[in-house]
Each structure stands twice: as C-alpha cells, then as structure tokens.
Amino acid sequence: MRLLALLAAALLLTLCARSAAPLMMTVEPDPAFRAQQQQYPRVRDAYALHEANLHALLRRNGIQPGRLELYLRAFKVGRRLEAWGREQGTGEFVLLRTYPLAGTSGALGPKRKAGDKQVPEGFYVINRFNPASKYHLSLGLDYPNTADLRHAAPDPGGDIFIHGSNVTVGCLPITDAGIRELYVLATEARSAGQTDIAVHIFPFEMTAENLARRVASPHLGFWQGLVAGYQYFEDHHQLPAMHVDARGAYAVE
C-alpha cells in the first residue's frame with residue numbers, strides 16, 4: 001500500500017508539473033507562400049539582392065531563418081519604422097533594422113476618416129502582401145480595426161500600406177530599397193508560419209515626459225490608451241496581447 005501511495009504521489013507531481021509548464025505554440029510552416037511570392041519579378045529581384053545578407057543577419061542574432069518571428073514598430077516623431085525579430089515563440093525580440101520614413105502626411109493623432117491623409121495610430125497586423133504595387137512592393141495593414149471602427153466617421157477609409165517610394169497620403173513609405181529588404185523579411189516570417197505580423201504605430205515614444213508636453217492635445221486620452229501596449233514591449237521585448245474593450249479602447253490582456 002505504501003508503494004502504491006508513493007507511486008500515486010509521484011504521478012500527481014508529474015501531472016502538476018506538466019500543467020504548470022507553458023504551452024508551446026504550434027506553428028505550421030508555409031513554404032508555398034514564398035514560392036507563390038517569388039513568381040513575381042520584383043520579389044525575385046528583392047530575394048536576389050537581400051536573401052543572403054538577411055539570413056546572415058538573422059543567424060548573427062540567434063534566429064534560424066526558417067523560424068523567424070517578425071514585429072514592426074513605427075513612430076511619426078523621429079520618422080522611422082523598426083523591424084524586430086526573434087526565434088518563433090522564444091526569448092526576446094531584438095532590433096534587426098531601422099528604416100527611415102521617406103515621407104509623412106497629416107499630423108499627430110489617429111486616422112478617423114477617408115481623405116484625412118492621416119497615418120493611423122494603434123495596434124495592427126499585416127493582412128496582405130502586394131508584390132505588384134503601384135509603389136513597388138507593399139504590405140497592407142488591417143486598418144480600420146475594431147478600435148478604429150468604434151470611433152471613426154461613417155467612411156473611415158482604408159488601404160493603408162507600408163510601401164516603397166517617398167510619397168504618401170496616409171501610408172508608411174520607406175523607399176523602394178527599404179521595402180525590398182523588408183518585404184523579404186516579411187515573406188520569410190510568413191513562410192515560417194507567422195500568420196499575424198504585428199505592426200504597432202505610435203505618434204512618438206509613449207513616455208510620461210512626451211505626453212506631458214502634449215497635455216493640451218485633443219488626442220491625449222487616445223494616446224494614454226496606447227501607453228500600456230508600448231510600455232509592455234519596452235519592459236519585456238515581448239509582444240503584448242492586445243484587445244479592444246467595450247468603449248473601443250486598447251487594453252493589454
């Protein structure tokens with residue numbers, strides 16, 4: 001009986017240990033996506049120019065190219081787009097590249113209607129790849145998202161992209177050379193199984209000092225709602241799990 005009791009206790013401890021361990025995300029690679037994209041001449045040219053150097057960059061940062069997880073973060077003040085990466089589901093994100101924004105439009109504050117020329121602010125994902133864009137290559141954002149629709153005009157607009165060239169009426173242009181490199185990174189991440197590539201767009205670094213300088217802005221309340229997501233990444237170099245509450249405000253789960 002004593003032996004049976006000891007065996008039962010050991011089994012219980014094993015089960016508890018397994019239940020306490022973090023669950024690993026299962027990711028299914030999709031190499032067919034890379035092959036489909038490379039049917040387009042501009043994508044083939046981008047790979048010929050950048051694939052070897054980008055794979056070397058990833059390996060220097062401890063990331064196997066076939067397991068890349070990508071995150072993009074943009075700031076209007078400072079005019080830059082950052083590309084961060086890590087091995088899928090493990091460790092902290094590291095900064096891989098910074099691309100200057102080659103053009104801007106609108107002012108600080110969120111996009112609320114079609115034709116306002118505003119670059120959105122908030123938490124988005126890439127939802128489409130355009131290998132034959134008017135602006136060389138482009139990556140589409142899921143604007144308007146749930147939070148935008150809660151506050152936007154009846155026609156909130158759409159078709160917000162990260163793209164080539166140096167012109168914009170609400171998008172994020174990073175020149176043809178910049179988008180060629182970033183497009184390869186995004187294609188590699190998507191082919192590795194990352195179906196949602198996060199893109200966080202901020203007016204500026206969301207520090208108390210920067211908010212205090214703009215305390216009279218009509219956008220202050222909205223910006224305060226971006227702070228938790230910004231600060232979570234600053235503190236952990238991990239992506240926050242974001243959701244939109246009943247008021248249409250962003251919150252970290």
Minimum heavy-atom distance [X]-[Y], with the two atoms named:
X	Y	answer
Ile162	Leu72	CD1-CD1, 3.8 Å
Glu188	Arg34	OE2-NE, 2.7 Å
Ala102	Ser165	CB-O, 3.8 Å
Met206	Leu226	CE-CB, 4.2 Å
Asp176	Tyr135	OD1-O, 4.3 Å
Gly164	Pro173	O-CB, 3.8 Å

Would you call [X]-[Y] a salt bridge at under 4.0 Å N-O?
X	Y	result
Arg44	Glu51	no
Glu205	Arg80	yes
Asp116	Lys111	yes
Arg190	Asp30	yes
Glu82	Arg97	no
Asp159	Arg128	yes

### Task
Scan side-chain atoms only and decide if Arg86 and Gln238 contain a donor-acceptor pair under the 3.5 Å cut-off.
yes
### Task
Might you work through the side chain to side chain contact (heavy atoms under 4.5 Å, CB included) test for His50 and Arg180, ending with a clear yes or no?
CA-CA 8 Å; His50 297 296; Arg180 279 193 290 267; 4.0 Å; yes
Atom pair [atom1]/[atom2] of [X] and [Y] - distance to nearest 0.5 Å:
X	Y	atom1	atom2	value
Cys171	Ile160	SG	CD1	4.5 Å
Leu172	Thr104	CG	OG1	10.0 Å
Leu54	Leu185	CG	CG	4.5 Å
Tyr99	Thr175	OH	OG1	9.5 Å

### Message
I'd like to know if the side chain of Glu69 reaches the main chain of Gly89, judged simply by a donor and an acceptor atom lying under 3.5 Å from each other, with no hydrogens or angles considered.
### Response
yes
### All pairs passing ring-ring contact (aromatic ring centres under 6.0 Å, His included) where residues 102-125 contributes a residue, at least two apart
Phe123-His200, Phe123-Phe202, Phe123-Tyr250
#### Entry: Verdict with reasoning, Leu101 to Leu81, per side chain to side chain contact (heavy atoms under 4.5 Å, CB included)
CA-CA 7 Å; Leu101 296 180; Leu81 174 70; 4.2 Å; yes
### Query
Passes side chain to side chain contact (heavy atoms under 4.5 Å, CB included), His163 versus His136? Steps please.
CA-CA 7 Å; His163 61 59; His136 196 59; over 6 Å; no
### Message
Using side chain to side chain contact (heavy atoms under 4.5 Å, CB included), reason through Gln37 and Tyr47 one step at a time and then give a plain yes or no.
### Response
CA-CA 10 Å; Gln37 287 292 311; Tyr47 264 83; 5.9 Å; no
## Note on the structure
The ring pair (Phe, Tyr, Trp, His ring centres under 6.0 Å) partner of His237 among Trp84, Phe93, Tyr232 is Trp84
